[in-house]
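Just so you know, residue 1 is the first one in the sequence shown, and it goes up from there.
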Amino acid sequence: MASVNGETENGETETVVRRLRDGMVAGVLSFPLTSFHDDGSLDPDGFRTHVAARIATAPGAVFPACGTGEFFSLDEEEYRTVVTIAVEEAAGRVPVVAGVGYGWAQAARFARIAEEAGADALLVLPHYLVAAPQDGLVAQLEQLAARTRLPLIAYQRGQVAFTASSLKRIAAIPGVIGLKDGHSDLDRLQRLTLAAPEGFLFFNGASTAEIQARAYATVGVPAYSSAVHAFAPEIANAFFAALQDGDNGHGDDKTIERLLRDFYVPLVELRDRVPGYAVSLVKAAARLRGQPVGPVRAPLTDPSAADLAELTTLLTTGLDLVGAAL
């Protein structure tokens, strides 16, 4: 992998890739929430409890301080605390992939912190504010890869969308090991998977990824991130198991469609009512389950009383579908 002195440590990269690939087959990718006190300050103890509970339910990997974890709201010391706790609680059982973002210079500062904290890899969140040409998107990753030992997973979402030719270029950057897709453009994604070298990692990073999990699998991207795992691992794991049964030819379409119809689709409809609910509803649902995650930080807002009541009913329904309770 790329390092600050230009040397390559392929053995370490290969180990991380192997662990991630194994994890992506074994379970959903978990994106824990960052815990805050009611006054908005970081709650390290609450986060430790929350992330430990996520890891105990056997995800494929854990991704602290990413979009669901409100990376954009954390200062550097808070980020250090969050990533350190995640690494400590994982204790080598699952890979820890920390989020980094903004421009490459600031992303490199977070990357150094994640490296010092013991993270296994980095998820490179879309850069801040401006649109950029393909050459710039590639250069962003080149600059960051040259400044960290850790393998990088690019995240295309919003203003970041790679072409097939750019995918070949970023896959050739030492240390860039994969791509998370949040666009849900399956035509483009199929072109990207065909352009990628053997062993390059892809996973579905669409909001409420379970909705499109079967569609992504048809273009060779069966692995996915799960925000639902942050508050209802029973539901997330039941859905994943049903997908696996289908892949093995046993065909658990009834379970998949029941969960989609009665839980996931209504959740997406509720999520889409208010900007930011993709995080706010997840945090509210986690609080309903007794998880010490606290409120969201501005500019996000917590759900209204009416939406919270609807979420409670929906969560109860979803848990009942998999034989669990609120």
Side-chain angles (χ1 to χ4, degrees), residues 1-3 8-25 28-29 60-61 63 66-67 95 97 99-101 103-104 107 111 120-127 130-148 150-207 209 211-225 243 247:
M1 83 184 71
S3 67
T8 301
E9 299 171 353
N10 288 323
E12 292 182 20
T13 301
E14 290 168 1
T15 297
V16 172
V17 170
R18 185 184 68 251
R19 293 183 66 210
L20 282 169
R21 184 180 294 110
D22 291 346
M24 290 158 71
V25 172
V28 299
L29 305 177
F63 289 67
C66 293
V97 183
V100 297
W104 63 259
D120 296 293
L122 302 172
L123 178 65
V124 185
L125 303 172
H127 64 270
V130 297
Q134 292 293 307
D135 284 348
L137 298 181
V138 174
Q140 164 90 337
L141 289 170
E142 289 174 336
Q143 293 288 349
L144 180 55
R147 289 165 173 78
T148 180
L150 297 180
L152 306 178
I153 298 170
Y155 188 6
Q156 64 168 17
R157 189 186 187 98
Q159 70 270 37
V160 177
F162 294 102
T163 63
S165 60
S166 293
L167 189 283
K168 292 179 181 178
R169 293 170 64 189
I170 69 169
I173 300 170
V176 176
I177 63 172
L179 179 75
K180 177 183 180 183
D181 176 72
H183 284 296
S184 303
D185 181 340
L186 298 184
D187 179 285
R188 174 188 289 265
L189 185 58
Q190 182 71 91
R191 295 168 191 265
L192 297 182
T193 61
L194 294 173
E198 184 178 356
F200 196 75
L201 303 176
F202 286 91
F203 65 92
N204 167 6
S207 295
I211 290 286
Q212 300 181 67
R214 289 190 292 187
Y216 268 78
T218 65
V219 295
V221 183
Y224 61 92
S225 60
L243 282 175
D247 289 342

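- The side chain to side chain contact (heavy atoms under 4.5 Å, CB included) search around Arg214 returns Leu243, Asp253, Ile256, Glu257, Leu260, not counting sequence neighbours.
- Evaluation of the side-chain hydrogen bond (donor to acceptor under 3.5 Å, both in side chains) test over residues 164-174, restricted to residues two or more places apart or in two chains, returns Gln134-Ser166, Asp135-Arg169, Thr163-Ser165, Thr163-Ser166.
- When all heavy atoms of Ser225 and Ala209 are compared, the pair lying nearest together is O-CB, 3.2 Å.
- Atom CD1 of Ile170 and atom CD1 of Ile177 lie 11.5 Å apart (nearest 0.5 Å).
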task = Carefully, step by step, assess Val160 and Leu137 under the rule side chain to side chain contact (heavy atoms under 4.5 Å, CB included).
result = CA-CA 7 Å; Val160 177; Leu137 298 181; 4.1 Å; yes

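- In this structure, OG1 in Thr15 is found 11.0 Å from CG in Leu20, a value given to the nearest 0.5 Å.
- Put simply, CD1 on Ile153 and CG on Leu141 are 11.5 Å apart, with the number rounded to the nearest 0.5 Å.
- Sorted by first and then second residue, the ring-ring contact (aromatic ring centres under 6.0 Å, His included) pairs involving residues 162-201 (not counting sequence neighbours) are Phe200-Phe202.
- Partners of Asn204 according to the side chain to side chain donor-acceptor pair (under 3.5 Å) rule, which considers only residues two or more places apart in sequence or in another chain, do not exist here.
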task = For the pair Thr193 and Gln190, evaluate side chain to side chain donor-acceptor pair (under 3.5 Å) and give the outcome as yes or no after the intermediate values.
result = CA-CA 5 Å; Thr193 61; Gln190 182 71 91; 3.0 Å; yes

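- Taking 4.5 Å as the limit, some side-chain heavy atom of Val124 sits within range of a side-chain heavy atom of Leu144.
- For the atom pair CD of Gln156 and CG of Leu125, the computed distance is 13.5 Å after rounding to the nearest 0.5 Å.
- A heavy-atom distance below 4.5 Å is found between the side chains of Asp120 and Arg19.
- A distance-only check finds a donor-acceptor pair linking the side chain of Arg21 to the backbone of Gly199 [under 3.5 Å].
- Partners of Ala223 under the side chain to side chain contact (heavy atoms under 4.5 Å, CB included) rule, at least two apart in sequence or in another chain, are Met24, Phe203.
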message = Working note: Tyr224 + Leu29, criterion side chain to side chain contact (heavy atoms under 4.5 Å, CB included); need CA distance, chi angles, decisive distance, verdict.
response = CA-CA 6 Å; Tyr224 61 92; Leu29 305 177; over 6 Å; no

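- Residues satisfying the side chain to side chain contact (heavy atoms under 4.5 Å, CB included) test with Gln143, not counting sequence neighbours, are Trp104, Arg147.
- Summarising the geometry of Leu123 relative to Cys66, their closest heavy-atom pair is CD2-SG, 3.8 Å, with the distance given to 0.1 Å.
- Between atom CG of residue Leu186 and atom OG1 of residue Thr218 there is a gap of 6.0 Å, rounded to the nearest 0.5 Å.
- The shortest heavy-atom contact between Ala121 and Leu150 is CA-CB, 4.3 Å.
- Counted within 6.0 Å of CZ on Arg191, heavy atoms from surrounding residues, nucleotides or ligands total 12 or fewer; the atom is thus considered open.
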key: side chain to side chain donor-acceptor pair (under 3.5 Å) between Tyr155 and Asp181, worked out   = CA-CA 6 Å; Tyr155 188 6; Asp181 176 72; over 6 Å; no

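- When atom types are taken as modelled, the side chain of Arg157 and the backbone of Gly205 share a donor-acceptor pair closer than 3.5 angstrom.
- Atoms CG and CG, on Leu167 and Leu192 in that order, are 4.5 Å from each other to the nearest 0.5 Å.
- Counting only distance, with no hydrogens or angles, the side chain of Thr148 and the backbone of Ala145 share no donor-acceptor pair below 3.5 Å.
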